[in-house]
Amino acid sequence: MREVLAGTVTCHTEEELARKLARGNPLRVKLGVDPSSADLHLGHAVQLRFLRRMQDLGHQAVLIIGEATAMVGDPSGKDKTRPQLSRDDVRRNADTYLAQAALVLDMERLEIVPNSRWFDGMGFMDAVRLGASMTVARMLERDTFATRYKRGAPIGIHEFIYPLMQARDSVEVRADMEIGGTDQTFNLLVGRDLMRDAGLEPQVCVTLPILTGLDGVQKMSKSLGNAIGLTDSPRDMFGKAMSVPDAQMAEWFHLVAGLAPERVDELLAGSAREAKGALARRVVELYHGSQAGQLAAEEFDRIFRDKGLPDDIPESDLPGELVGDDGVWVVKALTHLELAPSSSAARRLIREGGVRVDGEKVGDEQRRLERGANCLLQVGKRRFHRVRVP
RNA sequence: GGGGGAAUGCCCGAGUGGUUAAUGGGGACGGGCUGUAAACCCGUUGGCUUUGCCUACGCAGGUUCAAAUCCUGCUUCCCCCA
């Protein structure tokens, strides 16, 4: 029991969990994921890691791929309506999603179920019946709906359906436990109601903490640009982890590092710089192996402490059409390489002294790279690109 | 079904006929400081080979020498009444 609940926020209810565990059968632990975006980040990993722990404790993990629900869009924690995705988007996302989940879960012992399996077959009247199991008043109790309603922001009817669909999944897979972030509490609890209605023993609902993003303020989310993706390169992971605010370190250690609590206390008691280095290294190790962690740490020191160069600077040849008699205009090179979004922006960067060629600041917006040159472009402190001019 | 209000740049939000890519804040980016932290300081933040030109204030038209600002229609959202 203690092992199961370590690191969780709430559990509805602990008594029921104890009862289920006491029977000695493996629990069916459900996690629903909406492949609304293809990339998983450390925030998702908090839940995946919990699921993995349950697997290691001998329980059956059930991963629901929300093919149907993703097309509706989960209103949780959103202050506006989410876009609805097409089936193709969803399918495509689901594949990459699973590949990334494999970084954490034991895929051999994972039950993967798309919820389109039952929703595709449902008729309109079935959906109406599903709707009858919930009241508007209860929906409006929800924080996200309440605030949106009060503020006069739109709420689509389909958004009321979402929790019911998620709950229906629990009935279909006969979940013993469903896990989710704390923002999922309501959705998880609806699952209990529907299971009871269906004559099943209600699932236990376990909520997990929501990881704060790199900005230290908002929850980690790709669209907010404050996320570390599970497939980020070791260097990016390390660098991003180093930029986590100090105040967030303890949280990150607990939620993403998976280190022994004594070790965490020890690190936090020491120098902040060292502790964060250990955290960053740990993150890389988890997803790229211990050697990568070591290398990333060394490289980081070299680039940022010793102001050196990274190992693998991307290289490319500039296309011939950019080359004039006097070579390639730096501004064009920057936009072509996507080191700047537009040539106006590239000019600005030059003006601000943020562009270097072979380590030297470019002072002239008209600066060219000579024909046949092979030089190192740098934008800001961390973006490098080596180019050959034909 | 009737009445009223709103729509501005990445976001929030000023601006209600004329020195204007459009006050302010947030975010982001660049520079300085540093531990790629925080705090702080400075700068930038529509596009274009940029003394200039082009495109922008929901969409489409119109009035005017001149419109984000006025008029008409449309779209979307909100509120009140039914």
Side-chain angles (χ1 to χ4, degrees), chain A residues 78-81 83 145 147-157 159 212-218 221-228 232-253 267-268 270-281 283-284 296-310 321-336 338-357 360-369 377-384:
Chain A
K78 284 284 164 171
D79 48 11
K80 50 182 157 202
T81 306
F145 287 143
T147 46
R148 272 161 68 176
Y149 191 70
K150 221 178 294 162
R151 265 201 358 224
I155 302 171
I157 297 287
E159 297 185 82
T212 307
L214 300 176
D215 55 7
V217 181
Q218 292 184 277
S221 139
K222 194 185 169 205
S223 55
L224 292 173
N226 64 358
I228 296 183
D232 280 358
S233 68
R235 193 204 314 166
D236 282 351
M237 275 192 178
F238 198 97
K240 286 181 182 176
M242 285 303 281
S243 76
V244 170
D246 286 6
Q248 243 59 44
M249 268 208 284
E251 176 193 343
W252 273 58
F253 265 119
L267 284 165
L268 286 173
S271 116
R273 172 70 174 76
E274 303 252 317
K276 205 176 285 175
L279 172 65
R281 188 162 159 179
V283 170
V284 177
E298 285 168 9
E299 178 173 319
F300 181 86
D301 279 348
R302 196 168 63 243
I303 301 173
F304 295 105
R305 196 188 55 200
D306 309 329
K307 301 205 191 295
L309 298 177
E321 67 260 26
L322 291 183
V323 188
D325 292 338
D326 54 351
V328 176
W329 188 25
V330 174
V331 166
K332 281 293 170 207
L334 292 177
T335 51
H336 172 75
E338 294 181 342
L339 290 172
S342 68
S343 46
S344 296
R347 283 165 178 272
R348 258 179 247 129
L349 284 166
I350 292 174
R351 236 177 286 141
E352 290 163 347
V355 178
R356 287 164 188 273
V357 172
E360 277 182 47
K361 234 174 226 181
V362 175
D364 176 11
E365 280 176 36
Q366 296 302 324
R367 171 69 184 274
R368 314 281 149 162
L369 303 176
L377 282 176
Q378 180 180 358
V379 175
K381 292 188 175 107
R382 52 189 113 160
R383 284 138 72 209
F384 296 89

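No hydrogens, no waters, no symmetry mates; every other heavy atom, side chains included, goes into these values. So that the names make sense, note that chain A is the first sequence line, chain B the second, and so on, each numbered from 1.
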| task | Enumerate, in order of first residue number, the stems that involve RNA chain B, defined as 3 or more consecutive Watson-Crick or G-U wobble pairs with both distances under 3.5 Å. | result | B:1-7 with B:75-81, B:10-12 with B:24-26, B:27-32 with B:40-45, B:46-48 with B:52-54, B:58-62 with B:70-74
| task | Would you indicate what A:Arg368 reaches in the nucleic acid, counting non-hydrogen atoms under 4.0 angstrom: base, sugar-phosphate, or nothing? | result | base
| query | Does B:G46 have OP1 or OP2 sitting under 4.0 Å from an N or O in the side chain of A:Arg348? | reply | no
| message | For a quick check of understanding: with a heavy-atom distance under 4.0 Å over all strands, which category does A:Gly380 fall into, base, sugar-phosphate or nothing? | response | sugar-phosphate
| field | Residue met sooner reading RNA chain B from 5', once A:Arg356 and A:Met249 are mapped to nucleotides | value | A:Arg356
| said: Show the nearest heavy-atom pair for residues A:Arg367 and A:Trp329, with the distance to one decimal. | reply: O-CD1, 3.4 Å
| message | Under 4.0 Å, counting only non-hydrogen atoms across every strand here, what does A:Lys240 touch: a base, just sugar-phosphate, or nothing? | response | nothing
| request: Return no unless some side-chain N or O of A:Ser343 is found under 4.0 Å from OP1 or OP2 of B:C48. | output: yes
| task | Provide, to the nearest angstrom, the distance between the CD1 atom belonging to A:Ile350 and the C1' atom belonging to B:C29. | result | 15 Å
| query | Can you tell me how far C1' in B:C65 sits from the matching atom in B:G73, rounded to whole Å? | reply | 26 Å
| task | Round to a whole Å and report the spacing from CG of A:Leu349 to P of B:G30. | result | 7 Å
| query | Got A:Ile228 and A:Trp252 here, is their nearest side-chain heavy-atom distance under 4.5 Å? | reply | yes
| task | Check A:Met242 against A:Ala280 and note the closest heavy-atom contact, atom names and distance. | result | SD-CB, 3.9 Å
| message | Is there a side-chain contact between A:Arg356 and A:Lys381 in this structure, where contact means two heavy atoms from C-beta onward sitting under 4.5 Å apart? | response | no
| message | Distance criterion of 3.5 Å, no angle test: do you see the side chain of A:Glu352 paired donor-to-acceptor with the base of B:G43? | response | yes
| message | Are the side chains of A:Lys240 and A:Asp232 in contact, using a 4.5 Å heavy-atom criterion? | response | yes
| query | Which whole number of Å gives the distance between the P atom of B:U19 and that of B:U69? | reply | 14 Å
| Of A:Arg383 and A:Thr335, whose nearest nucleotide on RNA chain B comes first from the 5' end? | A:Arg383
| task | Just compare B:U50, B:U36, B:G31 and give me whichever is closest to any side-chain atom of A:Ser344. | result | B:U50
| remark: note: A:Asn226, atom CG; B:A37, atom P; distance rounded to Å ~ 16 Å
| note | From CG of A:Asp246 across to P of B:U36 the rounded distance in Å is 12 Å
| At under 4.0 Å, does any side-chain N or O of A:Lys381 touch on OP1 or OP2 of B:G30? | no
| remark: Taken to the nearest whole Å, CG/A:Leu334 to P/B:U44 is 20 Å
| request: Identify the residue among A:Arg348, A:Arg351, A:Lys332 that makes a salt bridge (Lys or Arg N to Asp or Glu O under 4.0 Å) with A:Glu365. | output: A:Arg351
| B:U63 and B:C71, which share atom name C1', separated by this distance in whole Å | 7 Å
| query | Roughly how far apart, to the nearest Å, are B:A67 and B:U50 at atom C1'? | reply | 27 Å
| Which part of the nucleic acid, if any, lies within reach of A:Ser342 when heavy atoms closer than 4.0 Å are counted: base, sugar-phosphate only, or nothing? | sugar-phosphate
| message | Please report the distance separating the C1' of B:U64 from the corresponding atom of B:U72, rounded so that it comes out in whole Å. | response | 16 Å
| Starting at CE of A:Met242 and ending at P of B:A38, how long is that distance when rounded to a whole Å? | 12 Å
| field | Spacing of A:Leu339 atom CG relative to B:C29 atom P, expressed in whole Å | value | 15 Å
| What is the nucleic acid contact for A:Ala272, judged by heavy atoms within less than 4.0 Å: base, sugar-phosphate only, or nothing? | base
| query | Hey, does the side chain of A:Lys276 reach the backbone of A:Met249 with a donor-acceptor pair shorter than 3.5 angstrom? | reply | no
| query | Which nucleotide sits closest to the side chain of A:Ser243: B:U49, B:U36, B:C29? | reply | B:U36
| field | Distance between C1' atoms of B:A68 and B:G15 (Å, rounded) | value | 8 Å
| Checking all strands, does A:Arg382 fall into the base, sugar-phosphate, or nothing category for heavy-atom contacts under 4.0 angstrom? | base
| message | Categorize A:Arg347 for me: base, sugar-phosphate, or nothing, with a 4.0 angstrom heavy-atom threshold over every strand shown. | response | base
| remark: Whole-Å distance, A:Arg351 CZ to B:C42 C1', equals 16 Å
| Checking all strands, does A:Gln366 fall into the base, sugar-phosphate, or nothing category for heavy-atom contacts under 4.0 angstrom? | base
| said: Rounding to an integer number of angstrom, what distance separates B:C11 and B:A28 when you compare their P atoms? | reply: 15 Å
| query | Which atom names give the shortest non-hydrogen contact between A:Val331 and A:Arg347, and what distance separates them? | reply | CG2-CG, 4.0 Å
| query | Looking only at atom types and distance, does a side-chain atom of A:Arg382 sit under 3.5 Å from a main-chain N or O of A:Gly380, one as donor and one as acceptor? | reply | no
| task | Give a yes or no on this: more than 12 heavy atoms of other residues, nucleotides or ligands lie within 6.0 Å of atom CD of A:Gln366. | result | yes
| Distance, P atom - from B:A56 to B:G46, rounded to whole angstrom | 16 Å
